[in-house]
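First the structure, in the form of structure tokens, and then the observations on it.
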Amino acid sequence: MGSLLGAWADEPVERFDGYHSFAANDGSPVELSCAMARSGAEVRLLFEPLDTRQAHEAGHRFVERLNKILGIDVSRFHLVADLFPGSPSAGSFSMLCSAALRVGGTPLFKVYVNPAVGEPRPHQVIGEAMSRLGLSAQWAFVAEHLRDGLGSLEQEIALFALDLGDSPEARVKIYLRHSGCGAEQVERVARLAQDHQPDLFAKILDRLYGAPVDRLVKAPMTCLSFLGNHREPASVTLYCPLDPNISDDAEASTRVVDLLEMSGIAPEPFGALATAISGADLAGGRRLSWVSYKQPADPVVTVYAGLDGSARAS
């Protein structure tokens with residue numbers, strides 16, 4: 001990974017003390033996550049490449065290194081790259097990258113871009129990106145069903161993402177943030193996906209927070225994933241912020257364990273992971289930042305964590 005990330009990955013962590021990245025809640029340019037299923041676990045890294053002063057330029061360089069060093073097909077990224085310029089406002093971002101690490105295989109690499117950077121409105125940018133990727137019908141389906149709220153705070157277009165490579169399983173993803181609304185608005189989005197299970201996300205939100213969703217300090221998100229030529233999203237993922245909505249990592253761990261057990265996933269590996277991330281005194285840490293849930297038929301629960309844990313919300 002070092003040759004792919006660039007020279008910045010070898011720099012002392014202290015170098016980034018004055019830089020606040022969108023990648024992790026605490027401002028770190030790297031976020032660790034672990035996806036847990038009944039069959040096992042997978043470690044992932046989300047990061048903001050910083051080998052140049054312009055993070056957007058660094059992200060593009062990283063994608064080109066993937067093509068040059070690993071031979072990964074990045075042609076889909078080239079189709080839409082010019083739609084996402086590199087001048088984000090303070091506290092935002094232009095481009096993030098991630099790697100899902102696989103034992104004995106090449107990682108799955110992804111790019112995340114910010115549709116709110118630049119002049120066109122986010123829904124216009126996403127509409128053009130989906131068109132260039134041959135997904136106009138899929139975007140029309142989403143826009144029609146969410147026409148009353150798409151782009152509002154209740155259904156804010158937050159991120160656009162691509163799996164890199166030429167696999168038929170490579171996805172296109174749209175992330176929506178749900179601020180100041182109840183679980184019914186989250187369910188409204190979830191119903192668009194082929195794998196939607198009625199009221200499941202509302203149940204998860206209630207179990208995690210035990211309070212109305214519209215009162216959360218930091219709002220949940222959903223992600224619609226598009227695969228192949230299917231008009232409807234193939235799947236939907238629910239993203240629930242732990243920090244700052246939950247007081248500390250001890251309480252967050254208790255609620256993650258409850259979600260794992262509800263999903264039929266053994267919680268013991270997560271217990272070891274939480275201790276490795278936050279130390280023995282979980283009540284003194286705030287590194288656990290998000291938990292996500294997808295695929296009701298074979299659930300995947302993913303936990304996300306920053307490096308520092310100073311709890312600066314992003």
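Owing to the predicted nature of the structure, the values given are computational and were not obtained by experimental measurement. Reckoned from all heavy atoms, side chains included, excluding hydrogens, waters and symmetry mates.
- A donor-acceptor contact shorter than 3.5 Å is absent between the side chain of Arg132 and the backbone of Val80.
- Across Met221 and Ala158, no two heavy atoms sit closer than the pair CE-CB, 3.6 Å.
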(message) One pair to check against side-chain contact (heavy atoms from CB on, under 4.5 Å): Glu48 and Ser21. What are the steps and the verdict?
(response) CA-CA 7 Å; Glu48 183 177 16; Ser21 175; 2.5 Å; yes
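- With hydrogens and angles disregarded, a donor-acceptor distance shorter than 3.5 Å links the side chain of His178 to the backbone of Glu154.
- For the pair Val30 and Ala24, the tightest heavy-atom approach, listed with the atom from each and the gap, is O-CB, 3.8 Å.
- Side-chain N or O atoms of Glu42 include none that pairs as donor or acceptor with a backbone N or O of Ala100 at under 3.5 Å.
- Looking at every heavy atom in both residues, Leu50 comes nearest to Ala58 through N-CB, 4.1 Å.
- Atom-to-atom distance recorded for Arg65:CZ and Leu70:CG is 11.0 Å, nearest 0.5 angstrom.
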(request) Starting from the C-alpha separation in whole Å, work towards a yes-or-no answer on side-chain contact (heavy atoms from CB on, under 4.5 Å) for His78 and Glu64. (result) CA-CA 10 Å; His78 288 159; Glu64 296 311 315; 2.7 Å; yes
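- Met130 is listed as a side-chain neighbour of Phe160, based on a closest heavy-atom distance under 4.5 Å.
- Ser131 contributes no side-chain N or O that, together with a main-chain N or O of Gly127, makes up a donor-acceptor pair within less than 3.5 Å.
- Two rings, from Phe77 and His60, have their centers less than 6.0 Å apart.
- Here the straight-line distance linking atom CG of Leu192 with atom CD1 of Ile174 works out to 10.5 Å at 0.5 Å rounding.
- With respect to Glu184 and Arg188, no salt bridge is recorded, no charged nitrogen being found less than 4.0 Å from a carboxylate O.
- Lys173 contributes atom NZ, which lies 11.5 Å from atom CG of Leu227 (distance to the nearest 0.5 angstrom).
- When the side chains of ILVMFWY residues are joined at heavy-atom separations under 4.5 Å, either directly or via intervening members, Val217 and Val213 end up in two distinct hydrophobic clusters.
- When atom types are taken as modelled, the side chain of Asp248 and the backbone of Glu251 share a donor-acceptor pair closer than 3.5 angstrom.
- Heavy atoms only, all atoms of each residue included: Pro122 and Ala116 are closest at CG-CA, 4.0 Å.
- A continuous path of hydrophobic side-chain contacts links Leu259 to Leu216 [ILVMFWY only; heavy atoms under 4.5 Å].
- The backbone N or O of Ile265 sits nowhere less than 3.5 Å from a side-chain atom of Ser263 that would complete a donor-acceptor pair.
- Between Gln155 and the options Gln185, His123, Arg177, a side-chain hydrogen bond (donor to acceptor under 3.5 Å, both in side chains) holds for only Gln185.
- Of the possible polar contacts, none joining the Asp163 side chain to the Lys110 backbone as a donor-acceptor pair under 3.5 Å is found.
- Side-chain contact between Phe22 and Ser94 is absent, with no heavy-atom pair separated by less than 4.5 Å.
- In this structure, the side chains of Val291 and Arg255 stay at 4.5 Å or more apart for every pair of heavy atoms.
- Placement of Leu101 and Val301 within a single hydrophobic cluster is found when ILVMFWY residues are connected by side-chain heavy-atom separations under 4.5 Å, directly or transitively.
- Screening Val300, Leu208, Ile204 against Tyr293 for a side chain to side chain contact (heavy atoms under 4.5 Å, CB included) leaves a single residue, Ile204.
- Counting heavy atoms from C-beta on, the side chains of Phe84 and Val125 come closer than 4.5 Å.
- Here the side chain of Ser289 pairs a donor or acceptor atom with the backbone of Tyr304 at under 3.5 angstrom.
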(message) For Glu144 and Arg147: C-alpha separation, side-chain torsions, deciding distance, then whether salt bridge (Lys or Arg N to Asp or Glu O under 4.0 Å) applies.
(response) CA-CA 5 Å; Glu144 171 64 21; Arg147 61 185 180 277; 2.9 Å; yes
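- With a 6.0 Å radius and a threshold of 12 heavy atoms from other residues, nucleotides or ligands, Asp148 has its CG atom above the threshold.
- Leu32 places a side-chain heavy atom less than 4.5 Å from the side chain of Leu45.
- For His145 and Phe141, the distance between ring centers is under 6.0 angstrom.
- Here the CZ atom belonging to Phe62 is positioned 11.5 Å from the CG atom belonging to Leu96, to the nearest 0.5 angstrom.
- For the pair Gly59 and Met95, the tightest heavy-atom approach, listed with the atom from each and the gap, is O-CE, 3.4 Å.
- Within the 4.5 Å cutoff, the side chain of Phe226 has heavy atoms near those of the Val142 side chain.
- If you take CZ on Phe270 and OG on Ser253, they are separated by 4.0 Å, rounding to the nearest 0.5 Å.
- We find the CD1-CG distance between Ile72 and Leu108 to be 8.5 Å, quoted to the nearest 0.5 Å.
- Counting only heavy atoms from C-beta outward, the side chains of Leu288 and Ile246 never approach each other to under 4.5 Å.
- What you find for Pro267 and Leu260 is that their closest heavy atoms are CA-CD1, 4.0 Å.
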(request) Please assess Thr254 against Val257 for the test side-chain contact (heavy atoms from CB on, under 4.5 Å), listing each intermediate value before the final yes or no. (result) CA-CA 5 Å; Thr254 297; Val257 167; 5.9 Å; no
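- Two residues are said to be in side-chain contact when any heavy atoms from C-beta on lie closer than 4.5 Å; Phe93 and Leu159 meet this criterion.
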(request) Show the numbers, then the answer: is there a side-chain contact (heavy atoms from CB on, under 4.5 Å) between Leu200 and Leu238? (result) CA-CA 10 Å; Leu200 176 60; Leu238 174 66; over 6 Å; no
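- Under a 3.5 Å cut-off, the side chain of Arg287 and the backbone N or O of Ile277 do form a donor-acceptor pair.
- A donor-acceptor contact shorter than 3.5 Å is absent between the side chain of Glu187 and the backbone of Pro198.
- Each of Leu282 and Met36 belongs to its own hydrophobic cluster when Ile, Leu, Val, Met, Phe, Trp and Tyr are linked at side-chain heavy-atom distances under 4.5 angstrom.
- Note on ring orientation: taking the six-membered ring where Trp is involved, the planes of Tyr175 and Tyr239 are tilted (angle from 30° to 60°).
- Within 6.0 Å of atom CZ in Arg102, more than 12 heavy atoms from other residues, nucleotides or ligands are found, so the atom counts as buried in its surroundings.
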